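What you are looking at is a predicted structure, and each value in this text was computed from that prediction instead of being measured. Throughout, a chain's letter reflects where its sequence line sits, starting with A, and its residues are numbered from 1. The analysis underlying the following values was restricted to heavy atoms, covering all of them including side chains, and did not include hydrogens, waters or symmetry mates.
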There are 2 protein chains.
Amino acid sequence: MLRRHDRNHEGVALTANDLTQRRGRAATIADVAKLAGVATSTVSRALSNPARVNHVTRQRIEEAVGQLGYVPSAQARSLTSGRTGVVGVLVPDIANPFYFDLIRGAQRQLRAAGYAQLLLDTEESHEIESSMVELMLKNADGVVLAASRLDDETLTAAAARQPLVTINRDVPDVPTVILDTPEGMRQTVVHLRSLGHTRAVFVAGPSGSWSSARRWEALLAAGEELGVEMTMIGPWAPTAAAGSAAADAVIASSATAAVVFNDLLAIGMLGRLQERGVRVPLDLSVVGCDDIFGASFCNPPLTTVSAPIEEAGRVAVTMLLSQLGSAGGSRSRTVLPTYLTTRESSGPAPT
Amino acid sequence: MLRRHDRNHEGVALTANDLTQRRGRAATIADVAKLAGVATSTVSRALSNPARVNHVTRQRIEEAVGQLGYVPSAQARSLTSGRTGVVGVLVPDIANPFYFDLIRGAQRQLRAAGYAQLLLDTEESHEIESSMVELMLKNADGVVLAASRLDDETLTAAAARQPLVTINRDVPDVPTVILDTPEGMRQTVVHLRSLGHTRAVFVAGPSGSWSSARRWEALLAAGEELGVEMTMIGPWAPTAAAGSAAADAVIASSATAAVVFNDLLAIGMLGRLQERGVRVPLDLSVVGCDDIFGASFCNPPLTTVSAPIEEAGRVAVTMLLSQLGSAGGSRSRTVLPTYLTTRESSGPAPT
DNA sequence: CAAAGAGCGGCAAGCGATTGCATAAATCGT
DNA sequence: ACGATTTATGCAATCGCTTGCCGCTCTTTG
């Protein structure tokens with residue numbers, strides 16, 4: 001009894017003190033323990049495993065937590081638990097709308113699972129990406145790599161050391177979610193052919209891009225099969241600004257249709273084409289890829305290969321989390337379908 | 001001599017062992033120390049304060065680091081140092097293009113200073129935002145709050161406890177960067193008046209939005225001064241989807257011009273207006289706000305109030321970092337200018 | 001040549017939490 | 001009524017790293 005009384009007494013004293021915001025640092029678990037008159041271990045348990053602690057004690061602790069505005073330090077916690085509660089999401093360029101939806105999808109899923117998203121921009125750089133992946137090894141529970149620039153071995157090695165999922169990058173032994181743009185590309189060629197086009201040009205993305213290479217392959221194959229002569233120009237950076245240069249190059253070619261690496265580039269081209277007096281789709285058909293924000297309301301609205309980007313982000317995270325939970329052994333390759341969305345930037349080939 | 005030899009010997013043995021990736025967990029500072037034959041403290045210093053360690057020793061340590069692929073744990077490091085190297089950036093909706101540039105600006109500046117960006121989506125929710133701010137208190141070195149939904153007291157209290165900068169939210173004692181949209185709004189009214197408009201409607205944003213309220217105030221004042229009758233409709237969510245409903249409401253009004261809370265909403269309206277056969281700008285002028293990605297190439301290109309959003313992100317981070325460095329006492333309120341960018345969605349009032 | 005530095009490196013005490021083990025009290029079984 | 005459980009809590013080690021303080025070895029210096 002006496003002891004209990006003492007505790008309360010002490011508690012009251014502390015309360016007054018602490019409610020003035022304890023000049024200095026934030027409350028620690030020790031402060032809570034002292035206020036509640038228990039050991040830190042009890043506080044810890046009350047918070048993470050309530051069943052292990054007596055009803056009354058827990059209540060006292062909760063009250064103390066409230067009074068002090070105590071928030072456990074994720075840092076300290078992760079030190080012992082080994083888990084950080086953070087997942088790194090690496091994208092080549094946050095400003096690219098393509099990644100917006102991806103980021104959002106990932107964020108949604110992550111939030112739902114109680115994880116925080118550490119968003120990192122690799123600035124399209126191999127080196128930055130590499131060092132960031134290295135960093136995440138110790139400082140995140142897992143990594144989602146969108147459109148990685150790393151080579152196969154590095155990727156495989158990284159995946160062996162930590163939970164990792166790539167998006168749009170297919171390497172053996174590395175879990176991945178793929179947007180099946182080749183199928184979309186095939187549909188594109190079918191579409192163009194049916195409109196009478198026989199000479200088309202592929203406006204390529206960055207030279208290191210896995211996606212760009214895949215798209216070109218698919219285009220080439222479909223073109224051969226369907227009788228559309230495909231040529232490639234590029235590479236270009238996947239930005240609207242690069243679109244101007246690309247537009248000029250397309251005009252210089254003799255193609256009647258341009259299949260563009262992605263919508264950003266395509267939208268950039270649209271502006272320049274208008275400047276140069278090229279009417280889309282009358283003089284030239286333009287098909288983009290990704291169906292990003294903006295593709296539906298640009299002028300003219302862009303025919304493009306639609307991809308379930310947000311879903312890709314969600315799925316990637318889900319795969320990652322399943323890796324985290326059960327040690328390995330879940331599906332490790334997901335292919336998401338894409339399809340052509342025809343809008344007004346494609347039309348009959350000029351005669 | 002003998003001791004030194006022993007160390008080397010031990011080192012060699014370890015090397016062979018460790019190069020096989022030490023089945024199990026990643027290398028710690030202790031592993032490096034052992035391999036290099038020094039104490040952990042020396043390794044720590046070699047890494048964070050090279051001058052404090054002998055040239056030769058340092059080299060040996062660096063070699064060990066390389067062999068083991070050692071990466072310091074940010075968690076453990078932040079435990080002692082108190083700094084996490086992370087800055088939380090809270091935005092209401094990552095999928096809103098307005099925030100893209102802001103995020104990018106913040107990211108750039110953060111990277112340059114060696115910080116990581118923890119991007120959090122508050123989903124336009126007061127509660128989520130509040131709990132996230134609380135979380136950041138312990139788990140980040142500072143917070144950037146974009147378009148906060150929190151009330152003044154909460155914000156003031158939070159700012160008193162941790163480095164914090166708001167964007168587009170002006171509260172006494174809270175460092176902030178403001179996009180001076182009222183000035184842009186004034187310019188908008190001048191522009192519309194000069195085109196002959198005398199009845200305009202303001203399409204309001206979310207009800208809790210500080211920015212929306214400021215814009216309306218400015219519009220009202222300028223309207224009164226310049227002889228433009230302003231009315232307000234709304235509120236609407238700041239999304240393209242909400243634009244349809246807003247468009248219908250605008251059509252129902254008798255206004256000849258609509259000033260829209262932001263571009264997302266405005267772009268959404270454009271589509272619906274076209275559907276309803278309302279020609280922009282012939283029948284109705286539309287002015288947006290923010291000049292986001294898409295505003296320049298939608299149909300018609302949007303007249304809008306341009307704001308240096310990316311710069312706002314950069315400035316916010318800079319202010320935050322200066323708070324972190326020198327304990328307080330730097331400029332705490334930055335106003336960034338905005339101006340009207342006229343494109344094709346505004347024109348003479350219908351007669 | 002002894003005293004005083006300067007340069008280097010080690011020891012050990014934390015940082016804030018988690019957790020296996022131990023202990024004490026309460027409950028149970030027979 | 002007493003040993004066996006069960007329940008509730010405390011103790012202390014530990015996670016990986018930083019840092020103040022101490023001590024040893026050489027140089028300088030008067």
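The closest side-chain donor-acceptor pair between B:R104 and B:Y99, if any, does not fall under 3.5 angstrom. With hydrogens and angles left out, the side-chain atoms of B:D170 and B:T176 include no donor and acceptor closer than 3.5 Å.
Dashed line: the shortest gap from a side-chain N or O of A:T42 to OP1 or OP2 of D:dT9 is not under 4.0 Å. Contact check, B:T80 against D:dT19: no side-chain N or O comes under 4.0 Å of OP1 or OP2.
Distances were taken from every side-chain heavy atom of B:V38 (C-beta onward) to each of C:dG10, C:dC8, D:dC11; the shortest belongs to C:dG10. Which of C:dG9, D:dT9, D:dC17 sits closest to the side chain of B:A76 comes down to D:dC17. Distances from the side chain of B:A39 to the nucleotides D:dC17, C:dG10, C:dG9 place C:dG10 closest.
Side chain B:R52 to base C:dG7: no donor-acceptor pair is found below 3.5 Å. For B:S41 against C:dC11, a side-chain-to-base donor-acceptor contact under 3.5 Å is present.
One interatomic measurement links the two molecules: CG of B:N49 to C1' of D:dT19, which rounds to 11 Å at whole-angstrom precision. Taking atom CD1 on B:I61 and atom C1' on D:dC17, their separation rounds to 14 Å, with Å as the unit. Counting to the nearest Å, the C1' atom of D:dC17 and the CD1 atom of B:I29 are 6 Å from each other. If you take CG of B:L79 and P of C:dA17, they are 9 Å apart, rounded to a whole angstrom. For the pair A:D31 CG and C:dG16 P, the computed distance is 9 Å after rounding to whole Å. What separates CZ of A:R58 from C1' of D:dT7 is a distance of 13 Å, to the nearest Å. Regarding B:N54, its CG atom lies at a distance of 11 Å from the P atom of C:dG10, rounded to whole Å. With rounding to whole Å, A:R45 atom CZ is found 10 Å from C:dG20 atom C1'.
For the helix from C:dC1-D:dG30 to C:dT30-D:dA1, the rotation axes defined at the first and last 5 base pairs enclose an angle of 40°, given to the nearest 10°.
A salt bridge is defined here as a Lys NZ or Arg NE, NH1 or NH2 lying under 4.0 Å from an Asp or Glu carboxylate O, and A:R108 with B:D121 fails to meet this definition. Using a 4.0 Å cut-off between a side-chain N of Lys or Arg and a carboxylate O of Asp or Glu, B:E127 and B:R149 do not qualify as a salt bridge. Ion pair A:R169/A:D152 flagged as a salt bridge, since at least one NZ, NE, NH1 or NH2 atom sits closer than 4.0 Å to an Asp/Glu carboxylate oxygen.
The CG atom of B:L135 sits 10.0 Å away from atom CG of B:L90, with the distance rounded to the nearest 0.5 Å.
B:S73 comes within contact range of the sugar-phosphate backbone alone, with a heavy-atom separation under 4.0 Å but no base atom that close. Residue B:S78 is out of contact with every strand shown, counting any heavy-atom pair closer than 4.0 Å.
Summarising the local packing, CG of B:D173 is surrounded by 12 or fewer heavy atoms from other residues, nucleotides or ligands at distances under 6.0 Å.
Along DNA chain D, the nucleotide closest to A:T57 and the one closest to B:T40 are compared, and the more 5′ of them pairs with A:T57.
Contact of the A:V38 side chain with the A:I61 side chain is registered, since non-hydrogen atoms from C-beta on lie closer than 4.5 Å.
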